[in-house]
Amino acid sequence: MLLRMSTYFLRTLRDDPADAVVPSDKLLTRGGYVRRIAPGIFSWLPLGYLTYRKIEEIIREEMNDAGFQEVHFPSLLPREPYEATNRWDEYGPNLFRLKDRREVDYLLGPTHEEMFTLMVKDLYSSYKDLPLIIYQIQTKFRDEARPRAGILRGREFSMKDGYSFDIDQNGLDISYQKHRDAYIKTFTRLGIDFVIVSAMSGAMGGSKSEEFLAPCEFGEDTYVKCQKCDYAANVEAVITSVPSEIDFTNIPQLHVEDTPDTPTIDSLVDISNQRADLKRIDRNWQAADTLKNVVLMLTHPDGKNEPLVIGIPGDREVDLKRLEAAVSPSVVRVFEEEDFPKYPALVKGYIGPQVLGLNSSSKIKYLVDPRVVNGTRWITGSNLKGKHVYDLVMGRDFQADGSIEAAEVKVGDVCPKCGQELEIARGIEIGHIFQLGKKYAQALDLKVLDENGKSQVVTMGSYGIGVSRAVAAVVEQNHDDKGIVWPKNVSPISVHLVAAGKEEEIYQTGEKIAQELADNNISVIFDDRKAVSPGVKFNDAELLGMPFIVVVGKKLVEGKVEVKDRKSGQREDIELKNLLSYLKKLV
RNA sequence: CGGGGCGUAGCGUAGUGGCUAGCGCGCCUGCUUUGGGAGCAGGAGAUCGGGAGUUCGAAUCUCCCCGCCCCGACCA
């Protein structure tokens with residue numbers, strides 16, 4: 001491929017667009033790769049579309065290599081299948097809905113589980129046909145409440161979504177593993193640094209789910225990673241390391257104390273350390289010695305409300321994302337002022353666990369953080385205004401209905417696998433593999449006959465790669481202050497050839513080199529603009545980010561050109577006659 | 001949806017009641033220049049987001065509307 005800058009539909013910008021915040025958005029816009037059209041909606045210019053297709057093709061090749069078969073569904077979809085799985089409603093405002101001229105409902109596909117399931121149902125009916133893995137690369141539409149970060153989170157975006165169909169869990173495990181392997185190969189080839197983290201399988205009835213995250217400060221996902229072992233998890237899916245139970249025979253009996261004006265954990269800790277009668281002899285009280293009881297209202301899928309109290313150590317906040325993941329498919333809302341009168345057992349500000357639990361008189365469900373194990377002793381609410389209780393011991397003085405992963409994860413928390421400290425980082429979700437189970441097959445009645453002639457519901461998995469997002473993720477991880485630094489594999493073009501100088505010979509030689517490279521399958525973009533000064537050309541070359549920059553200029557009189565490695569910045573003068581073989585080795 | 005910021009030419013911006021809305025980049029013409037975003041001269045390009053109002057006079061003040069960005073909520 002040979003592109004000429006003098007005629008290529010490309011305009012680079014000197015300044016960052018005012019609205020852009022993340023590097024990929026700034027650089028892709030400045031480099032003339034993309035243009036924003038509306039919030040979360042982008043156009044690809046020629047060079048951008050070239051890059052996009054390069055990445056898309058790598059993903060396609062890896063999927064095909066793994067034995068997955070490509071299909072293609074429309075984006076414009078009828079309502080009925082989504083009605084059957086209840087997602088017409090469940091997807092809520094995130095679904096782009098529209099009507100045709102006869103007022104019939106349609107939607108723009110946010111994801112295609114239904115369509116894939118129905119297609120398989122349409123054609124297959126025997127266990128002998130399974131396993132089957134099919135995928136597509138398709139534009140998806142989601143009316144996100146807040147698109148952001150340029151291409152990283154759009155409302156219209158491209159996604160590779162694949163689905164596996166198996167007769168049983170064993171088959172699903174194999175299909176899942178195949179995807180895991182294929183994804184590792186794919187992202188490695190794309191030059192993306194990634195980490196595989198455990199994710200929530202959510203309410204889908206699935207048993208396993210992992211995300212591929214590209215570490216990046218602008219990523220939207222927070223995850224933890226063990227400093228020592230291979231444990232890594234999305235923060236929602238982090239499993240708290242449970243301490244062992246403590247013998248409580250020597251812990252003094254509980255005692256209730258007057259603690260006026262202690263609305264916060266801090267004030268409670270302060271007063272406990274200041275007052276002689278409350279002071280601890282061996283050490284000061286800490287926030288972690290208090291048990292904070294947070295009241296919430298759960299709304300179950302059937303619409304019923306149920307209060308829930310969660311007991312967590314006082315040095316932690318409730319992490320809403322973790323909480324929501326833990327209670328899904330129910331949703332939580334804050335406990336409002338009007339709710340309190342309905343539950344007289346709850347004394348606002350002084351809620352304590354003695355009156356809580358399904359077996360207690362209040363019948364209010366009480367769940368505790370996994371760190372609250374038998375034998376732990378706490379300062380907590382006494383259910384009397386202005387009073388707290390001390391030395392309240394779990395297992396001796398109160399019980400819980402179970403534990404819940406709702407407390408925030410902190411740096412230094414210990415790994416549930418090996419006990420080492422965890423680190424916290426952010427990443428871009430570039431892939432997600434997910435054991436769906438039978439939810440969609442069940443809802444859409446996808447069954448096949450097994451070897452005994454019995455009808456079996458098929459077990460499914462779903463697997464996604466954000467294709468357009470991957471373009472941005474590559475830029476996030478591969479750029480410097482001058483511009484993009486494409487990894488060789490994904491670079492839209494291999495060689496950026498700059499003609500620097502005004503002599504006609506420079507341009508003629510450049511043209512010859514460009515032709516020769518193109519003839520030898522080395523793609524080249526030739527900056528043949530005559531009225532543009534060399535400085536502009538060098539800056540553009542660095543902004544656009546092709547891996548090798550070749551300069552034809554003043555060294556031509558010695559029969560040499562300069563080859564610069566965009567990434568390392570190293571330059572080398574190469575004899576013109578050796579250029580082709582030199583570049584062949586590099587690209 | 002809550003909080004914050006913003007809307008002036010293709011891009012980046014100046015301009016808090018007063019003359020024809022200014023500057024840089026980019027674009028066009030001519031000359032000149034060609035190894036790190038050149039120079040000179042001339043030029044095109046703006047319903048100042050939209051509407052209503054106040055005023056002798058509005059980009060500037062008031063009200064309403066629209067749009068955009070950021071944080072949060074939300075996000076198989």
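Side-chain atoms are counted along with the backbone in the values below, which use heavy atoms only and exclude waters and symmetry mates. Chain letters run A, B, ... following the sequence lines, proteins first and then strands; every chain starts at 1.
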Using the closest heavy atom to pick a nucleotide of RNA chain B for each, name whichever of Y163(A) or R36(A) lands nearer the 5' end.
-> R36(A)

Partner nucleotide, any strand, of U16(B) [Watson-Crick/G-U, under 3.5 Å] = none

Please give, in whole Å, the distance from C11(B) P to D19(A) CG?
-> 10 Å

In terms of the nearest nucleotide of RNA chain B, which residue is placed more toward the 5' end: V21(A) or A145(A)?
-> V21(A)

Please say which of Y223(A), F434(A), Y183(A) ends up in a ring-ring contact (aromatic ring centres under 6.0 Å, His included) with F212(A).
-> Y183(A)

Take atom CD of E114(A) and atom C1' of A76(B), then tell me their distance rounded to the nearest Å.
-> 10 Å

Does E114(A) pair with K121(A) as a salt bridge, N-O distance under 4.0 Å?
-> no

Taking a pair as Watson-Crick or G-U wobble with both distances under 3.5 Å, which nucleotide is matched to U33(B)?
-> none

Might you work through the side chain to side chain contact (heavy atoms under 4.5 Å, CB included) test for L172(A) and F165(A), ending with a clear yes or no?
-> CA-CA 7 Å; L172(A) 174 56; F165(A) 300 85; over 6 Å; no

Is any NZ, NE, NH1 or NH2 atom of the basic residue among E156(A) and R142(A) found under 4.0 Å from an Asp or Glu carboxylate oxygen of the other?
-> no

Nucleotides 31-46 of chain B: protein proximity per nucleotide (B base, S sugar-phosphate only, - neither; heavy atom, under 4.0 Å) = ---BBBBS--------

Do you know which of Y33(A), F42(A), W44(A) makes ring-ring contact (aromatic ring centres under 6.0 Å, His included) with Y52(A)?
-> W44(A)

